[in-house]
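When a residue number appears, it is its place in the shown sequence, counting from 1. None of the values given here were measured: they were computed from a predicted structure.
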Amino acid sequence: MAGNKNKIKIKSRSTIRNIGIVAHIDAGKTTVTERFLFYSGKIHKIGEVHEGSAQMDWMPQEQERGITITAAATMFPWKNYEYHLMDTPGHVDFTIEVERSLRVIDGVVVVFCAKGGVEPQSETVWHQADKFGVPRIAFVNKMDRMGADFFAVVDEMRDRLGAKPVVLQLPIGRESDFKGVIDLVEMQAIYWSGREEDKPEYKDIPAELLEDARLYRSELIEKAAEQDDELMEKFIEEKQFTSDDIYHGIRKGALSGNLVPVFTGSALKNRGIQPLLDAIYKYLPSPLELEPIKKKLKNRKNEEIILHPKRSAPLSMLAFKVSMDGTRKQVYFRIYSGEIFEGDKLVNVRTGKKERLSRIFKMHANKRERIPGAVAGDIVMIQGMKTVITGDTLCRKDTQVLLEPIDKYEPVINMAVEPRNMAEKDKLESAIKVLMEEDPTFNYYEDEETGESLISGMGELHLEVIMHRLVNDYKVEARAGKPQVVFRETFKGKTEAEASFRRIIEEDGKEKEMFGKVRLEVSPLPRGKGLQIKLAPGLAEETGDTRKFLDSALKGARESANAAGARGYAVQDVKVTIKDIEVKNRASTEIAYVIAAQEAFRKAADQDGCVLLEPIMAVIIITPEDYVGDVIGDIGQRKGRVEKMEKKGVKSSIKAYVPLRNMFGYATELRSKTKASAAFTMSFEKYGTIEDI
């Protein structure tokens, strides 16, 4: 291992930036990323999304559809810095890719369309970044588009996202007249010819824009001063602010999340990219600027450890993505502290099993570069993992901690898959096992009543992509049925039931009784509260065998609620309380109380009758004014409810809540009603009833 250590050339952690790029679909994320790679010298020819040649969209389906489906990692140099970048999907069906990327990066570039502004998925990814407290910079892209409005986008960021945008650039012109930007920190104009090979030109600010530039710069200085006591004192004394003063204040505000620096340009026209690359190292953090992680050591009572983002600290690394290369598992890790080398033996803290690091790679989309080791702040891919799944923590044996896992999303849509014969069924199940390892939002099971093989996911496009991969990548001969909605159930009111289990078995030639009796109560909870299983007051203090039997009753109630209510669907938004159990000396057994509790729950469900819950979707339609009436009428026919309408330039934005079962085929219907001039996005809102809408 000493040899490996000597081979690793460690770049200063202060020059590393782990960043993600996120946006609504079609805002230009991947186009921006391609320009990053080109101007940094990582690639020598720009690939375009619309031509299916973008470097980061390497999957055949991404190239065919012109969208990003899976998060892709890459690294590239910029000046004296090294950027590790995650290019993420914009479609809501693949939101888990954004979630797990945001979990492990240190800063985000959020791309907005200058015409579309803050769009539905923009809000989703913004709030995901809020969840992890990730500092952001914003890039208002497509300033060359008809209807582009930089200032309207900044206002929407403030109004719809609750953000505190701070303008660092002003556009020079708009739409077809967009030529460049005014840098408000350095007070100079930057122009681009639009040709990818030409360098930017730095000139004086046009006279007609000078007054606006001075006004916005004074606002910029004021916001910078608010972030730092020394700068505020300087501001009050009306002393001259230097560029370094502004940079210091804005950087401090960005790292704390108080400010979001805003830049602009047109990635497709090669305008605005170099200043955005500079902004990443200026306003987003290095790994060294992260707060140390405080964790309790596993299996050591109350002993806490502080994990600093340094090479010398104890090792902690999080698996945030799994992919398969044929039959080989590839796991992407973020190293938060410590160092690793090829051949190291680590522990999967979740399972307690050992894992050996056979090969370590740095990635560029689907291309890889083998490296002997990595240190805190690095994002790497490792082959040869056996037990690791998304969200697992790896440590050394003597300092085991468990990092926060990555949230999972419950699938909301099913599709039946029918293999051609039994041999194909085996092939199907093998392929599905691989896909489930890669994608935590994808599931597969067999319906016990019908015998159908069902796949489930986050939406129609998600399942469509899965089927495409099964047939084309894994060569499974199978047909897909129509998508089906995944229903849930809840209770109408408070219901009490009792059940007992008694059986005589023969053991060692003697008859032995198994006994358990449980009384429980089930009551409804507000929507979204999930499933709560608890003991009645007074029972929690029980110890010994009685406590064991109570725990078994809790287990049985939970298993039954997760299995089926009155109509055969899993139950949610209820509280199950174990009210009492009866204990018989020598006859009582733990399994008997599991079974008794299951039967008591089934009785309660049958008595109550239960309410059927279905996925309610938040649907946002952007349509020309001429078709607003038709769109709203169609929402009504689908038993939906329009929540709000607002003008967006020459179009209207309609937000509605609609049951998922009524949204199949909506894309085709909307195109037909609006002559292909409207677009929509749909995301899961909650499980509920028509009356809840």
Side-chain angles (χ1 to χ4, degrees), residues 22-29 67 89-93 95 98 110-130 138-143 145-163 165 174-175 262 264 459-461 616-660 662-663 665-686 693:
V22 300
H24 181 86
I25 191 170
D26 201 34
K29 294 180 316 304
I67 62 170
H91 197 285
V92 68
D93 280 16
T95 192
V98 183
V110 186
V111 180
F112 297 95
C113 173
K115 181 180 178 181
V118 176
E119 296 173 279
Q121 190 66 1
S122 309
E123 294 189 56
T124 301
V125 298
W126 190 272
H127 295 315
Q128 284 176 303
D130 281 340
F139 182 66
V140 180
N141 191 27
K142 302 190 177 184
M143 276 303 300
R145 283 280 186 94
M146 184 70 72
D149 190 335
F150 172 78
F151 300 102
V153 178
V154 174
D155 288 342
E156 283 192 16
M157 288 176 63
R158 190 178 295 111
D159 298 339
R160 293 181 60 177
L161 301 176
R174 53 182 284 192
E175 300 177 343
V262 183
T264 189
E460 285 185 88
L461 179 60
I616 304 298
M617 311 303 286
V619 184
I620 296 178
I621 306 112
I622 308 295
T623 179
E625 285 287 314
D626 294 348
Y627 302 109
V628 166
D630 291 335
V631 169
I632 290 176
D634 187 56
I635 291 294
Q637 289 180 348
R638 295 172 188 273
K639 292 186 167 57
R641 175 173 63 80
V642 173
E643 176 73 8
K644 68 176 181 180
M645 277 182 53
E646 58 183 351
K647 291 274 289 179
K648 288 181 75 72
V650 296
K651 294 190 176 185
S652 286
S653 171
I654 301 167
K655 182 174 183 179
Y657 295 110
V658 191
L660 175 59
N662 298 332
M663 288 301 292
Y666 183 64
T668 303
E669 187 70 21
L670 184 65
R671 277 197 298 269
S672 173
K673 286 186 180 297
T674 63
K675 296 182 180 175
S677 60
F680 81 101
T681 58
M682 182 170 70
S683 59
F684 173 71
E685 180 71 16
K686 63 179 178 180
I693 300 178

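- Between Ser653 and Ile620 there is a side-chain heavy-atom pair separated by less than 4.5 Å.
- With values rounded to the nearest 0.5 angstrom, Phe151 atom CZ is found 9.0 Å from Thr264 atom OG1.
- Counting all heavy atoms, side chain and backbone alike, Val111 lies closest to Ala27 at CG1-O, 3.5 Å.
- Distance check, rounded to the nearest 0.5 Å: CH2 of Trp126 to CE of Met157 gives 4.0 Å.
- Residues Phe150 and Val262 form a side-chain contact, since some pair of their non-hydrogen atoms from C-beta on lies under 4.5 Å apart.
- Not a single donor-acceptor pair under 3.5 Å links the side chain of Asn662 to the backbone N or O of Gly640.
- Here CD of Glu175 is found 9.0 Å from CG of Asp149. Values are rounded to the nearest 0.5 Å.
- Within a 6.0 Å sphere centred on CZ of Arg145, heavy atoms belonging to other residues, nucleotides or ligands number 12 at most.
- Residue Asp634 holds its CG atom at 5.0 Å from NZ of Lys673, rounded to the nearest 0.5 Å.
- Side-chain atoms of Glu156 come within 3.5 Å of backbone atoms of Val118 as a donor-acceptor pair (strictly under, hydrogens ignored).
- In this structure, the side chains of Lys675 and Tyr627 come closer than 4.5 Å at one or more pairs of heavy atoms.
- Across all their heavy atoms, Gly117 and Ser122 have their closest contact at O-OG, 4.1 Å.
- Taking all atoms of both residues into account, the shortest heavy-atom contact from Arg174 to Gly147 is NH2-C, 4.2 Å.
- Between Val153 and Ala114, the shortest heavy-atom contact is CG2-O, 3.7 Å.
- Thr674 contributes atom OG1, which lies 12.0 Å from atom CD1 of Ile622 (distance to the nearest 0.5 angstrom).
- Taken from CD in Glu646 to CD1 in Ile654, the straight-line distance is 11.0 Å, to the nearest 0.5 Å.
- Taking each heavy atom of Leu161 and His127 in turn, the nearest pair found is O-CE1, 4.3 Å.
- Put simply, the side chain of Arg638 never gets that close to the backbone of Val658: no donor and acceptor are under 3.5 Å apart.
- In this structure, Glu123 and Arg160 have side chains that are in contact, with non-hydrogen atoms separated by less than 4.5 Å.
- Considering only heavy atoms from C-beta on, Met617 comes within 4.5 Å of Phe684 through its side chain.
- Heavy atoms only, all atoms of each residue included: Ala23 and Val125 are closest at N-CG2, 4.2 Å.
- By the 4.5 Å heavy-atom criterion applied to side chains, Ile632 and Met645 are counted as neighbours.
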